[in-house]
Asker: 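I have a structure here, written as structure tokens, and I will follow up with some questions on it.
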Amino acid sequence: MQLTAPLDMHLHLRDGDMLQNIAKASAQTFSGAIIMPNLVPPVSTKEEVIAYKERILAAIGDEKFTPYMTLFFKPSYDKAFLESLRDEITAIKLYPAGITTNSEGGVSGFDVEELRPTLEAMSELNIPLCVHGETNGFVMDREAEFVSIYERLANAFPKLKIIMEHITTKESVKALDKHENLYATITIHHLLLTLDDVAGGMLQPHLFCKPIAKRPEDREALLKVALEAHPKVMFGSDSAPHPKHAKENCGCAAGVFTAPIALQLLTELFEKHHALNNIQAFVSGNAQKIYGITPRTKTIILEKKPFTVPAIYNDVVPMYANETIAYSIKDIQHG
Ligand code: NCD
Ligand code: ZN
């Protein structure tokens, strides 16, 4: 079993010691990843994008990996500013204000006219808009409620590529086919979990993330489009590490750390559903087409050999810590 040039289209690499700790987990096994900008403060100037990219490249050392950089959306960005950093970024990430980790500087209210200058400039410059699509409503309804905002944006800016990040509901899946310019990323944890796994028994802090895992029928809808490698969906891990003390705490930080096991879990899942023919499109081909990128060559050889997930990566507890998964990485070839 092999995967060619896997891409992670939604990844948190953090900064400082955390970046040093976790960057290689992604850089070894992926050809590239879309890097989220929710640092403190968020990445929102050309200088910050360039400096963050340099810190990432320093942290990954000799690994062959492309960080596709993003900027934290602000409605004040004008066309001249965006033109000046067009070559430095692959997308811009929009967060509703305060909806998730480090998103306080995001957008409040989704007034199309207020957003128009920036979104029109992005559309003209062909910069995709990645969106964390949740309202501040009841937690299980937040994403479904946001679909009408996605639709409003999709209609108002028909040439703007809008990526619904880490979708978790059947409503978002439905929206994909209704609007030509809507796309989506899907994580591995949302293909595997429902709310029951997070909170149905003893509370599992390491499975807690935003958006929270939903109902079985939501997971079924996600599985269907992932396993058929629907051309508008792509893999984005949303691997979002937090130190153990921030997760195993009263007031648990949101985010699941999956980077070191993402490809092994995807392979196991696609095999279980007899869909291995489609995994390559889901982990690379679709993203290449949607974003118009050509990743560096890298081949990941996986074998069906049990792998016990480490208990901890320095101070980050991964998903399925201490559990045994079916696939292991056997070899990684470059060139
Ligand atoms: C992410 C993080 O920790 O940065 N957390 C999460 O639960 N997914 C932010 C995000 O993508 O929402
Ligand atoms: Zn994220």
Side-chain angles (χ1 to χ4, degrees), residues 7-16 18-19 21-23 25-26 30 33-44 52 56 67-73 90-107 128-136 139-140 142-143 146 163-169 172 183-193 195 197-199 203-214 222 234-249 251-259 262 287 313 315-319:
L7 291 168
D8 182 346
M9 302 311 282
H10 182 130
L11 176 65
H12 298 271
L13 281 185
R14 311 300 193 205
D15 212 346
M18 182 63 94
L19 171 65
N21 176 17
I22 53 101
S26 294
F30 287 87
I34 296 274
I35 309 301
M36 291 297 131
N38 62 331
L39 305 183
V40 186
V43 182
S44 48
Y52 185 33
I56 293 169
Y68 296 103
M69 304 306 291
T70 65
L71 191 69
F72 189 96
F73 181 94
T90 303
I92 296 183
K93 175 72 186 284
L94 186 155
Y95 291 90
I99 203 68
T100 189
T101 312
N102 304 338
S103 62
E104 289 72 21
V107 170
L129 175 74
C130 301
V131 180
H132 183 116
E134 290 193 285
T135 66
N136 55 9
V139 68
M140 287 294 277
R142 285 176 189 178
E143 185 177 300
F146 199 90
I163 295 129
M164 303 187 286
E165 294 295 333
H166 43 53
I167 58 170
T168 62
T169 60
S172 297
Y183 303 84
T185 57
I186 303 181
T187 74
I188 179 63
H189 49 284
H190 290 118
L191 291 171
L192 292 170
L193 308 173
L195 183 61
D197 298 294
V198 184
L203 190 64
Q204 302 299 315
H206 300 294
L207 303 181
F208 171 65
C209 68
K210 301 283 180 72
I212 193 127
K214 305 285 186 322
L222 300 175
M234 46 198 161
F235 176 63
S237 71
D238 194 17
S239 180
H242 292 277
K244 186 173 197 266
H245 68 82
K247 297 288 291 175
E248 297 181 6
N249 186 357
C252 164
V256 182
F257 180 54
T258 53
Y313 289 79
D315 65 344
V316 182
V317 178
M319 181 181 181

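Keep in mind that this is a model prediction, so the values were computed, not measured. We count ligands from 1, going down the list as the structure has it; atoms in each ligand are counted the same way.
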Asker: Could you tell me the separation between the CD1 atom of I212 and the OG1 atom of T168, rounded to the nearest 0.5 Å?
Answerer: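 I212 CD1 to T168 OG1: 9.5 Å, rounded to 0.5 Å.
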Asker: Considering non-hydrogen atoms only, spot the tightest contact between T101 and A254 and give its length.
Answerer: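 The pair with the smallest heavy-atom distance is OG1-O, 3.5 Å.
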Asker: Report yes or no: do E134 and H132 form a side-chain donor-acceptor pair below 3.5 Å?
Answerer: yes
Asker: Taking non-hydrogen atoms within less than 4.0 Å of ligand 1, which protein residues qualify?
Answerer: H10, H12, R14, N38, T100, T101, H132, H166, C209, K210, D238, A240, H242, A254, G255
Asker: Checking side-chain polar atoms at under 3.5 Å, does T100 have a donor or acceptor matched by the opposite partner on S103?
Answerer: no
Asker: Do K214 and T169 have side-chain atoms, one donor and one acceptor, less than 3.5 Å apart?
Answerer: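 The criterion, which ignores hydrogens and geometry beyond distance, is not satisfied for T169 and K214.
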Asker: Using a distance threshold of 2.8 Å, what protein N/O/S atoms lie below it relative to the Zn ion (ligand 2)?
Answerer: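 You should have found H10 NE2, H12 NE2, D238 OD1.
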Asker: Under the 3.5 angstrom rule, does the side chain of S239 hit a backbone N or O of L11 as a donor-acceptor pair?
Answerer: no
Asker: What distance do N38 atom CG and R14 atom CZ have between them, rounded to the nearest 0.5 Å?
Answerer: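 Taking CG in N38 and CZ in R14, the distance rounds to 6.0 Å.
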Asker: How about I34 and M9: do any of their side-chain heavy atoms sit closer than 4.5 Å?
Answerer: yes
Asker: Give the ring-plane orientation class for Y95 versus F72, where under 30° counts as parallel, over 60° as perpendicular and anything between as tilted.
Answerer: parallel
